[in-house]
Amino acid sequence: MNDPVETAKRLAALKAVDNHVVDGIIGIGSGSTVVYAVERLAQRVKDEGLEVICVPSSFQAKQLIIQHGLKLGDLEMHPELKVTIDGADESDQKLTLIKGGGGCLTQEKILASCAEEFVVIADYRKASQNLGEQWSKGIPVEVIPSAYRAVYQRIEKMLGGKSDLRMSGSSKAGPVVTDNGNFILDWKFEDVKDWKEVEICLNMIPGVVENGLFVGMARKAYFGMSDGSVMERTV
């Protein structure tokens, strides 16, 4: 594996799975770094006889679990998780996260909230001192489709910045639709001093399902670095 970013993702994923996964119910996040975590988890199940049930945060995560022959569960059967492992679009030094670049923020936040321990895995491009240094696409906000216009006007009025309805790529015209059947607004913020206040403020707007700010949820993060090391952050 010659790509330094992919190598970094893999190193972070391996360390997190080796350090935090024991027998029990595991929440599986979404995104490119999680692919390496599921690979490692499957290897440990095969080599060590680890007894785990995996609860997915998205269609992608569910497919990964099935492809690797791992036991699949859901929150209805297993509402309490031992650990959830997931990626991030950006993390500040306090492990406040922006998530939802892939559109799975609501399920990801539910899984993180149900876990005794929420562990973040990412490559060096996602580690910032302050949010917005690396990630320029804004904070994802999942909204009920009929309310998207009212919501983005309310966000801009209350918090400033600018909101855009996330559109699909070239293969499908129209907006991105989440696994829950909703739309996503990407809110490009300006100067923010209190992320918890912003998270609550966004979720209090009628029509908002959830937002991609994860404040005070992660306690541990692993960032694969370009030199082959893994940087750990703990709060």
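Residue numbers run from 1 in the order of the sequence given.
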Check your understanding: So do the side chains of V176 and F183 get within less than 4.5 Å of each other, counting heavy atoms only?
Key -> no
Review point. Would a hydrophobic clustering, with Ile, Leu, Val, Met, Phe, Trp and Tyr connected at side-chain separations under 4.5 Å, put L105 with L131?
Key: no
Check your understanding: Can any side-chain N or O of W187 pair as donor or acceptor with the backbone N or O of G160 at less than 3.5 Å?
Key -> yes
Review point. Does K99 reach the main-chain N or O of G87 with its side chain, forming a donor-acceptor pair under 3.5 Å?
Key: yes
Check your understanding: Of all residues at least two apart in sequence or in a different chain, which pass the ring pair (Phe, Tyr, Trp, His ring centres under 6.0 Å) check with W195?
Key -> F189
Check your understanding: Distance-only, no hydrogens or angles: does the R44 side chain make a donor-acceptor pair with backbone N or O of V21 under 3.5 Å?
Key -> yes
Point to revise | Closest non-hydrogen atom pair, C54 against L41 | key: SG-CD2, 3.7 Å
Exercise for review: Starting from the C-alpha separation in whole Å, work towards a yes-or-no answer on side chain to side chain contact (heavy atoms under 4.5 Å, CB included) for K126 and S91.
Suggested key: CA-CA 6 Å; K126 312 299 176 68; S91 168; 5.8 Å; no
Review point. Is it true that a side-chain atom of R219 and a backbone atom of L95 form a donor plus acceptor pair closer than 3.5 Å?
Key: no
Exercise for review: Could you name each residue pair satisfying salt bridge (charged side-chain N to carboxylate O under 4.0 Å, His left out) that touches residues 27-42, not counting sequence neighbours?
Suggested key: D18-R40
**Study point:** Side-chain donor-acceptor contact under 3.5 Å, E142 with N180
**Key:** yes
Indicate every side-chain donor-acceptor pair of residues 225-235 with a distance under 3.5 Å to a residue at least two apart or in another chain.
residue	atom	partner	partner atom	Å
D227	OD1	S229	N	2.9
D227	OD1	S229	OG	2.6
E232	OE1	K220	NZ	2.8
E232	OE2	K15	NZ	3.2
R233	NH1	D92	O	3.2
R233	NH1	S128	O	3.1
R233	NH2	S128	O	3.4
T234	OG1	K220	NZ	3.0

Check your understanding: Can any side-chain N or O of Q107 pair as donor or acceptor with the backbone N or O of C104 at less than 3.5 Å?
Key -> no
**Study point:** Listed partners of P79 passing side chain to side chain contact (heavy atoms under 4.5 Å, CB included), at least two apart
**Key:** none
**Study point:** Minimum side-chain heavy-atom gap V208-L185 below 4.5 Å
**Key:** no
Practice item. Sorted by first residue and then second, give each side chain to side chain donor-acceptor pair (under 3.5 Å) pair with at least one member in residues 72-83; sequence neighbours left out. Key: none
Exercise for review: Name all residues meeting the salt bridge (charged side-chain N to carboxylate O under 4.0 Å, His left out) criterion together with R149; count only those two or more places apart in sequence or in a different chain, and write none if there are none.
Suggested key: none
Exercise for review: Just jot down the side chain to side chain contact (heavy atoms under 4.5 Å, CB included) partners of E190, sequence neighbours excluded, or say none.
Suggested key: none
Point to revise | Any donor-acceptor pair under 3.5 Å from T178 side chain to G103 backbone | key: no
Review point. Do R166 and K137 pass the side chain to side chain contact (heavy atoms under 4.5 Å, CB included) test, and can you show the C-alpha distance, the side-chain angles, and the key distance before you say yes or no?
Key: CA-CA 10 Å; R166 190 183 297 181; K137 297 178 183 178; over 6 Å; no
Check your understanding: Does S163 use its side chain to pair, donor to acceptor, with the backbone of D186 at less than 3.5 Å?
Key -> no
Review point. Tell me, do I26 and L81 make a side-chain contact under 4.5 Å, heavy atoms counted?
Key: no
Point to revise | Residues that R154 engages under salt bridge (charged side-chain N to carboxylate O under 4.0 Å, His left out), provided they are two or more places apart | key: none
Point to revise | A8 backbone acceptor or donor facing D123 side chain under 3.5 Å | key: no
Check your understanding: Taking only residues two or more places apart in sequence or in another chain, which ones pass ring pair (Phe, Tyr, Trp, His ring centres under 6.0 Å) with F118?
Key -> none
Exercise for review: Can you sort out the partners of K94 under salt bridge (charged side-chain N to carboxylate O under 4.0 Å, His left out), two or more places apart, ordered by chain and number?
Suggested key: none
Revision key, fill the gap. The salt bridge (charged side-chain N to carboxylate O under 4.0 Å, His left out) partners of K157 (sequence neighbours excluded) come to none
Exercise for review: Count the heavy atoms belonging to other residues, nucleotides or ligands that lie under 6.0 Å from NZ of K188, then report whether that count exceeds 12.
Suggested key: yes
Point to revise | I144/V209 under side chain to side chain contact (heavy atoms under 4.5 Å, CB included): CA gap, chis, key distance, verdict | key: CA-CA 7 Å; I144 301 295; V209 178; 3.8 Å; yes
Check your understanding: For L159, which of I139, V192, I205, V198 qualifies under side-chain contact (heavy atoms from CB on, under 4.5 Å)?
Key -> V198
Review point. Are V141 and Y152 joined in one hydrophobic group, where the rule is that I, L, V, M, F, W and Y side chains link up if heavy atoms are under 4.5 Å apart?
Key: yes
Check your understanding: Can you list every ring-ring contact (aromatic ring centres under 6.0 Å, His included) pair that touches residues 201-235, not counting sequence neighbours?
Key -> H20-Y222
**Study point:** D191/K193 ion pair, N-O < 4.0 Å
**Key:** yes
Study note, to complete from the structure: For K71 and I65 the tightest heavy-atom approach is O-CG2, 4.0 Å
Exercise for review: For the pair N211 (side chain) and L202 (backbone), establish whether a donor and an acceptor sit closer than 3.5 Å, ignoring hydrogens and angles.
Suggested key: no
Review point. If Ile, Leu, Val, Met, Phe, Trp and Tyr residues are connected whenever their side-chain heavy atoms lie under 4.5 Å apart, and connections chain through other members, are L72 and I25 in the same group?
Key: no
